[in-house]
Number of protein chains: 2
Amino acid sequence: MKSICIIGDNGHYHSVLEAVRENPSEYQTLCISPGFPGENISGLKNAVDSAGIGYREHGDYQTMLQNEKFDAAVVCSEFNLHAEISLHAMKKGVHVLCEKPLCTTREDYERLSRYAGSVKVKISAMLAMRYEPQFYAAYKAIRSGEIGNVRLLQAQKSYKLGERPAFYRKRDSYGGTILWVGIHAIDWIQWLSGESFVSVSALHSNMENFGHGDLETTAAAQYAMTNNAIATVTCDYYRPDAAPTHGDDRIRVTGTKGVVEVRNDGAFLLNGKGSVTLPHDKKLNSFDDFIRYINGAADVRLDMEQSFAATLAALKALESADTGATVEF
Amino acid sequence: MKSICIIGDNGHYHSVLEAVRENPSEYQTLCISPGFPGENISGLKNAVDSAGIGYREHGDYQTMLQNEKFDAAVVCSEFNLHAEISLHAMKKGVHVLCEKPLCTTREDYERLSRYAGSVKVKISAMLAMRYEPQFYAAYKAIRSGEIGNVRLLQAQKSYKLGERPAFYRKRDSYGGTILWVGIHAIDWIQWLSGESFVSVSALHSNMENFGHGDLETTAAAQYAMTNNAIATVTCDYYRPDAAPTHGDDRIRVTGTKGVVEVRNDGAFLLNGKGSVTLPHDKKLNSFDDFIRYINGAADVRLDMEQSFAATLAALKALESADTGATVEF
């Protein structure tokens with residue numbers, strides 16, 4: 001039986017509520033709080049209510065973590081606060097599942113990764129797209145050798161912009177599109193290739209962003225990977241409102257024996273045996289997997305090391321885009 | 001009535017033969033020759049024979065250009081010889097349609113572009129994919145404003161490797177995959193965006209190239225463009241033999257109002273009005289267009305300036321991939 005809390009109202013906590021609702025006997029306590037004074041968490045409260053889950057609300061997370069005992073904290077406030085809140089929870093001995101990015105600056109990255117490396121509690125990022133069945137189908141095909149050795153990866157994130165909250169419009173609070181959107185694609189690259197990042201060159205632009213201040217509506221990052229594998233990432237916020245889905249997420253992975261692609265929510269394999277649509281497994285809940293991780297399971301889909309690696313790779317791409325220089329790992 | 005010659009047997013001269021066959025009364029003479037002593041041009045001879053076109057064969061292009069009078073020379077020998085042959089023809093007052101790349105080194109680029117800028121005869125590159133109806137359909141949709149201002153372009157070239165001739169396996173004669181394959185995608189970027197190149201960072205690798213020596217089987221180039229537009233190019237030679245077509249050529253162009261994509265030989269538009277497949281015009285023959293160009297027509301699909309711009313952008317990407325440094329324009 002676990003006691004958990006959710007801090008803040010900006011992120012993908014729905015999979016957490018789904019996990020609790022599906023297995024109520026596994027969970028003793030759910031508490032919620034804002035991530036900073038004045039954060040409106042009415043959306044979170046409505047979601048918990050709709051899920052039919054009992055909860056206690058606290059006015060701030062510091063008091064909540066002082067007065068209650070938790071196994072895990074889910075952190076999803078404004079993005080620049082993730083590191084501070086996560087550190088606070090970890091220092092109370094609480095495991096953390098944090099909305100990506102884990103942090104928005106290199107300084108916070110160093111603080112957080114150094115602390116996490118020195119304690120037993122874990123932190124993992126909500127890189128939830130690893131749990132989408134089409135991406136996992138691609139992963140399984142690659143690992144089983146269907147495309148040979150991975151040589152080239154092209155990843156795409158495309159979102160509808162709509163009207164984003166005020167904190168998205170300032171670099172200080174938003175962190176940058178490469179951190180918020182690109183990080184998913186950056187994580188696919190390391191996950192699907194099995195390679196590590198060697199260097200990155202990136203570009204981004206906030207031109208023509210429909211009044212969204214600092215927010216970059218386009219970005220691209222090009223990674224040199226170990227074994228001379230090559231990877232590209234693009235992000236844009238120009239998916240038309242008329243499009244059938246919010247996101248147009250794709251990856252094409254080319255190996256020495258074939259190509260795997262994810263697009264239109266499907267996974268497709270082309271190799272010497274011809275062309276097939278890959279079957280999907282039932283979706284694994286990312287919070288269930290996180291609970292298994294903090295319980296000590298080794299066969300989880302995402303761990304702390306990979307969460308930090310994706311975060312660092314996104315931070316270095318951001319640095320490259322800001323400075324124009326290639327950044328080494 | 002034009003007299004033309006074809007020099008060398010490595011390239012896309014089939015559209016030239018098609019143009020001659022379709023309009024025989026427009027052409028007075030067709031001569032052919034190797035591009036260097038010992039070049040086997042039996043493939044070219046067979047193709048001319050099959051097209052039912054009469055021709056005269058010469059043992060070398062220098063004698064041919066000395067003894068006959070031509071309006072245009074088609075140059076398609078080994079790639080590092082393009083610049084020398086083209087210069088020789090231009091110095092005889094002959095317009096040149098040259099297989100891409102126009103040259104394989106910066107030194108040859110400077111020689112060729114300087115000479116071309118000082119004379120009346122023209123040189124144009126066989127960037128023949130501009131003439132593919134699906135790419136032209138995308139171009140027309142973009143120019144007519146269907147996607148607003150272009151902000152992001154992602155271009156892909158993927159080929160089957162098969163067994164390439166010996167000269168592909170040496171950098172000195174082949175020039176590099178970015179020059180031979182990537183240049184098409186690089187040209188799409190400038191053509192479809194209407195922007196100019198600002199800087200490029202590129203990567204390439206000849207690992208796992210099935211015994212092809214220097215030949216790079218993967219490459220990527222990331223371009224900063226004017227108006228902060230961003231473009232990515234990837235190339236690979238890993239398209240499986242079992243694939244239905246030789247190439248898997250794609251581009252996705254994202255603008256402020258929508259997205260145009262070319263893939264599977266089709267062009268697709270998504271914007272506020274919904275999603276449509278774009279109609280194709282009848283294919284324009286690239287050699288017919290070249291003849292119109294040297295006759296003085298302004299409304300041609302490709303000109304000398306664009307041919308040089310694509311060549312230089314490819315050469316700078318190659319330099320970046322070789323050195324690891326970002327190269328400015």
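Residue numbers begin at 1 in each chain, while the letters A, B, ... track the order of the sequences.
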#### Entry: Minimal non-hydrogen separation, A/Ala242 against B/Gly274, with atom names
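That would be CB-N, 4.4 Å.
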### Shortest non-hydrogen contact between A/Pro240 and B/Gly272, atoms and distance
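That would be CB-N, 4.4 Å.
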### Query
What residue in B/Pro244, B/Gly324, B/Gly148, B/Gly255 has the most heavy-atom pairs under 4.5 Å with chain A?
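The answer is B/Gly255.
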### Message
Using heavy-atom distances under 4.5 Å, tell me whether A/Thr232 contacts chain B through its side chain, its backbone, both, or neither.
### Response
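Just its side chain gets close to chain B.
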### Query
Of the backbone (N, CA, C, O) and the side chain (C-beta and beyond), which part of A/Asp241 lies under 4.5 Å from a heavy atom of chain B, both, or neither?
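It is neither, since no heavy atom gets under 4.5 Å.
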### Task
Decide, yes or no, whether a salt bridge links B/Glu261 with A/Arg250 under the criterion of side-chain N to carboxylate O below 4.0 Å.
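Yes.
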### Message
What I want to check is whether the side chains of B/Gln156 and A/Gln154 have a donor and an acceptor closer together than 3.5 Å.
### Response
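Yes.
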### Task
Flag the one option from A/Asn271, A/Val259, A/Thr326 with the top tally of heavy-atom pairs under 4.5 Å to chain B.
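Highest number of heavy-atom pairs under 4.5 Å: A/Asn271.
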### Query
Which one, A/Ile147, A/Asp248, A/Thr254, leads in non-hydrogen pairs under 4.5 Å with chain B?
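Answer, by heavy-atom pair count under 4.5 Å with chain B: A/Thr254.
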### Neighbours of chain B found in residues 163-202 of chain A - heavy atoms under 4.5 Å
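Against chain B, the residues of residues 163-202 of chain A that fall inside the cut-off (heavy atoms, under 4.5 Å) are A/Ser201, A/Ala202.
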#### Entry: Residues in residues 203-227 of chain A near chain B [non-hydrogen atoms, under 4.5 Å]
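Hits under 4.5 Å: A/Leu203, A/His204, A/Ser205, A/Met207, A/Glu208, A/Phe210, A/Thr218, A/Ala219, A/Ala220, A/Ala221, A/Gln222, A/Tyr223, A/Ala224, A/Asn227.
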### Message
Looking at A/Glu305, I want to see if its CD is surrounded by more than 12 non-hydrogen atoms of other residues, nucleotides or ligands under 6.0 Å.
### Response
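No, not enclosed.
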### Task
Using a 4.5 Å cut-off on heavy atoms from C-beta on, say whether the side chain of A/Thr256 contacts that of B/Tyr238.
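A side-chain contact exists here, since the closest heavy-atom pair is under 4.5 Å.
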### Query
Between CZ of B/Arg252 and OG1 of A/Thr234, what distance do you get to the nearest 0.5 Å?
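So the gap between those two atoms works out to 6.0 Å.
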